[in-house]
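Chain naming here is simple, since letters A, B, ... match the order of the sequence lines and numbering starts at 1 in each. Only a predicted model underlies this, so the values are computations on that prediction, with no experimental measurement involved.
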Number of protein chains: 2
Amino acid sequence: MRSGRMIAVTAVAARDRSRDRGVDVSDCAWFDDPVALARSPEIDVFVELMGGAEGAAREAVEAALAAGKHVVTANKALLARHGAALAALAEAQGVSLNFEAAAAGGIPIIKTLRESLAGNRVARVYGILNGTCNYILTRMEREGLSFETCLAEAQRLGYAEADPTFDIDGFDTAHKLSLLAAIAFGNRIDADAVYVEGIRSITTADIEAADELGYRIKLLGVASRTDTGFEQRVHPTMVPKSSPIARVDGVTNAVAVEADFVGRLVLSGPGAGGDATASAVMSDIADIARGDIVGTFGRPASALEPYRQAAMRAHEGGYYIRLSVYDRPGAFASIAQRMAENGISLESIVQRRRAPRADAPEHPTPMAPQPVILITYDTTEAQIKDALDRISVDGHIAERPQMIRIEQFA
Amino acid sequence: MRSGRMIAVTAVAARDRSRDRGVDVSDCAWFDDPVALARSPEIDVFVELMGGAEGAAREAVEAALAAGKHVVTANKALLARHGAALAALAEAQGVSLNFEAAAAGGIPIIKTLRESLAGNRVARVYGILNGTCNYILTRMEREGLSFETCLAEAQRLGYAEADPTFDIDGFDTAHKLSLLAAIAFGNRIDADAVYVEGIRSITTADIEAADELGYRIKLLGVASRTDTGFEQRVHPTMVPKSSPIARVDGVTNAVAVEADFVGRLVLSGPGAGGDATASAVMSDIADIARGDIVGTFGRPASALEPYRQAAMRAHEGGYYIRLSVYDRPGAFASIAQRMAENGISLESIVQRRRAPRADAPEHPTPMAPQPVILITYDTTEAQIKDALDRISVDGHIAERPQMIRIEQFA
C-alpha cells in the first residue's frame, strides 16, 4: 500500500473455512471465534465486516478496543446503536475506531466531513444513501414500472434482500444519516429519533407528476441545522431536476454538504458492494498505518451532545399533494377552502380529467375520482397534516392523500 | 477548530498593512518580509497564499521548511515547478507540505487521492479544474454567445483576469493536473510536458453541433494510465451529456477518479474563491494540528518517477471534426476518401446546407463553403492529424479544420 508501511492480513475469523474467497488466506491464522481473534496478540488492527448491532460483531469490536487494538468497521447498525460508547472506549485506549465503509460505501464522506471540512460550520448534509431505493426509483421513472415490479427486479439482481424492509422503508438510510450527523453537527447518534418514511407508497402517478412539474423523486436522508434545533429525516423527496442530487441514478450514492466556507460540495460514487467497501476499509487501515489517530466522530466522544431535535411538525418546506377527488360539484372548492383555512398557499394545481379508457362507458359516472395534484408554497408540516386530516374527513376524496416533501437547494 | 487543539494566527506578512481584510489582525506580529516570518521562532506552521512559482513565495516556503516549519500552500504554480524538491525538503525535515487549496479549491481531491484511495490503483483522473473556462463555455452554450463576449463578461464579473491567457489557454488546468497525477500515479511533476490546448478556438457552431450529437464541450484535464505510459492532457473535450462531468456548470469544478476498487468517484464543488481556499487551508492546518504528517504526494518524494509519457500521437479516441467545405462536386468524396485512406471510420456525418440569409442572392454561388461535421470511431491522434493535413492541402475546405477530442466514460 502507498502508506509506506507493510500491511499484512495475519489472521481471519469466519463461519465457513472452506469457502473460496478469491484470495489465498491459507497463510493466515484461523479463528473460529472472532472475539478470540480480536484479542489475539498477533494483530494490531481488527477489521470487522460481520454486521449486526449486537452479538459477535459487538463483542468482538469491544474486545478488540479493550485489548488496545485499532478497529476498522463497515457496520453501520453497530455504530448507530453503540457508536458513542465504542468511540469513548477507543479514545480511552488511544486507538482508532474508523468506519469509512459504514456510510455511502466507497464515497469518502466520513473523512471529508471529519477532516476536510474541519474548519467549516455545516448547515446541511443530505444524500442518496441507499442504492436499492435509488435503483427502484430510477427504474420506475425510466420504464414506468410499478414499485412492486421494480422491487422484484432489484431482488432478482441481488440489489435488494429477500426481506427488503431495512432498505426500502428507510432504516438503512436513517442509520447512515445518524452517523453523518454525529460528525457534521456533533449530534449524539440516535437512529431511532430519525424521522423515517420509505418508498413503498410512491406510485408511477407521483413520478409522472413530479416529472411534469420539474422534479424527480429520491429517497433522501437530510440532516440540517434549523433555528429550533436539528432535523434528521429520511423520506421520499421531490428534488428539482436541475440539482446535482437529482441526476444520481441507479445504485449510485451521493452526498452533498452545505457549509459556510465550502459552499456546496457533492460527492458521488458506489454506495455498496465488496470492492467499494474494500476501498473504504483500506483507506481506514492506511490512516492507522500512518499513525493518524482521529477521534471517531471528529471530536471527543464526550463532546457528542444529545441532539436538540427540531419537531417534525415544525419542518418547513413545500409539499406535493396528490388527491383522488370525487368528480362532483363543490369537491375542489372544499379542498381549496381547507388549504386556505390552514394558511397554505398553492403554487400550482394540476387537475386533469383521466383519459377515458376505450372500454369505458360513453358517459362516465360524475362520481368517478379524478387525480388532483397540488404544490404548496413553504408551509409547516403541522399545517399540511391538519389540512389533509380535515380533507380526509370531508369525504370528497377516494383514497388516503399522498404527500411528498419538496427540498430546495441553493 | 474541531481538531481539538487551539490554533492561532500569530503573525502576518503582506504588502499592504492598512488594507481592511475583514478580520482583525492587530494582535498579530507584522512582518514586511515573508521570509523573515517563515523563519520566525514564534510560528509552527507557515501558510503561503502569495502565489507565483518564484520570488518571495518560493523563498519563504523554502525558508520555512528549512527552519522545520510545516507549510500549507495554495500555490499551484510553485508546486508544479518545484513540488518534488520542496516535498523532499519537507520530508527531510519531518514536516508537512500540504496543498489541498492548490487544485480544485474547496474540493478535497488531494486528500481523497492521497488518503481515501490509498489502496486503489488509479486508472484515470479527469476534471473541470478551471472555473473561468467552464463559466465561459456554459454561457456560450446557454445563451448562444461568442467566446469573446463571454470572456469579456467573465472579466467584468471578476471570473477572468485582465490577461486571461493562463486560464483560457489551459495552463492553469495543466498545473493542477500535474499535481493530481503526481498523487494518483507517482508521476514526477512536469507541467511543461502536459499536452495543452485552450478554449479560444471553440465556436458556437461547435457547441450547437455538440448539443445535437448528444455532447457538451468542457475544458478537461485528463491524466490516465495507458498501455504505453501515462497521458496528461488538457483540451476542449466532447463529453456525453449523460456523464456527471457534463452537468457541471458555471464556475463549479469537478474531479472524477476511476480506480480498481472504488470504480468511479466524482467530487464537485467550488474551484476558487477566498472561502473555498480558506476551507481547504483550514483542512491542511487541522491535519498538522492533529499530528498527521503525510508525504506531500502520498509517497516519499524520491518515489516520484519521471513519467513514461505516452506520445500524444498515440492517443486513441473518437474525434469531432468540423470542416468548412466548398460546395462543389467531389469535395465531400475527396474528404471521405482521405479519411478512409487513413483507416478512419466515421460514426456520423452531418452536412446541412446553411439556411440562406434574407439578404442572400436567390441562387447562392455553388462555391460557398458549407459546414460538415464528422464524428469518428476510435482512432489515433496520428491518423486524424495526417488525414486533416491531407484534407487541408486538397483545397476543398475554406478554413483550418476544427478538431475536438471525444472522451467516453464507463
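Taking A/K218 as the reference, A/N134 meet the side chain to side chain donor-acceptor pair (under 3.5 Å) condition, with sequence neighbours excluded. Checked against ring-ring contact (aromatic ring centres under 6.0 Å, His included), B/Y135 has the following partners two or more places apart in sequence or in another chain: B/Y159. With sequence neighbours excluded, the residues forming a ring-ring contact (aromatic ring centres under 6.0 Å, His included) with B/Y126 are B/F409, listed by chain and number.
Rounding to the nearest 0.5 angstrom, the gap separating the CD atom in B/E115 from the CD atom in A/E100 is 11.0 Å. Here the CG atom belonging to B/D287 is positioned 7.5 Å from the OG atom belonging to A/S116, to the nearest 0.5 angstrom. Taking OG of A/S283 as the start and NZ of B/K111 as the end, the distance is 9.5 Å to the nearest 0.5 Å.
Of all heavy-atom pairs between A/P270 and B/V262, the closest is CG-O, 2.9 Å. Scanning both residues, A/R290 and B/V294, for their nearest heavy atoms gives NE-CG2, 3.7 Å.
Inter-residue side-chain proximity for B/I107 and A/L265 is flagged as met; some heavy-atom pair is nearer than 4.5 Å.
Top candidate by heavy-atom pairs under 4.5 Å with chain B, chosen from A/P108, A/G105, A/G269, is A/P108.
Both the backbone and the side chain of A/S268 have a heavy atom closer than 4.5 Å to some heavy atom of chain B. For B/D284, no part lies under 4.5 angstrom from a heavy atom of chain A.
More than 12 heavy atoms of other residues, nucleotides or ligands sit less than 6.0 Å from atom CD of B/E143.
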Note to self: Between B/L117 and A/S279, does the side chain to side chain contact (heavy atoms under 4.5 Å, CB included) criterion hold? Intermediate values first, please.
What the structure shows: CA-CA 7 Å; B/L117 301 180; A/S279 174; 4.0 Å; yes

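Residues of residues 237-258 of chain B lying within less than 4.5 angstrom of chain A, judged on heavy atoms, are B/R247 in numerical order.
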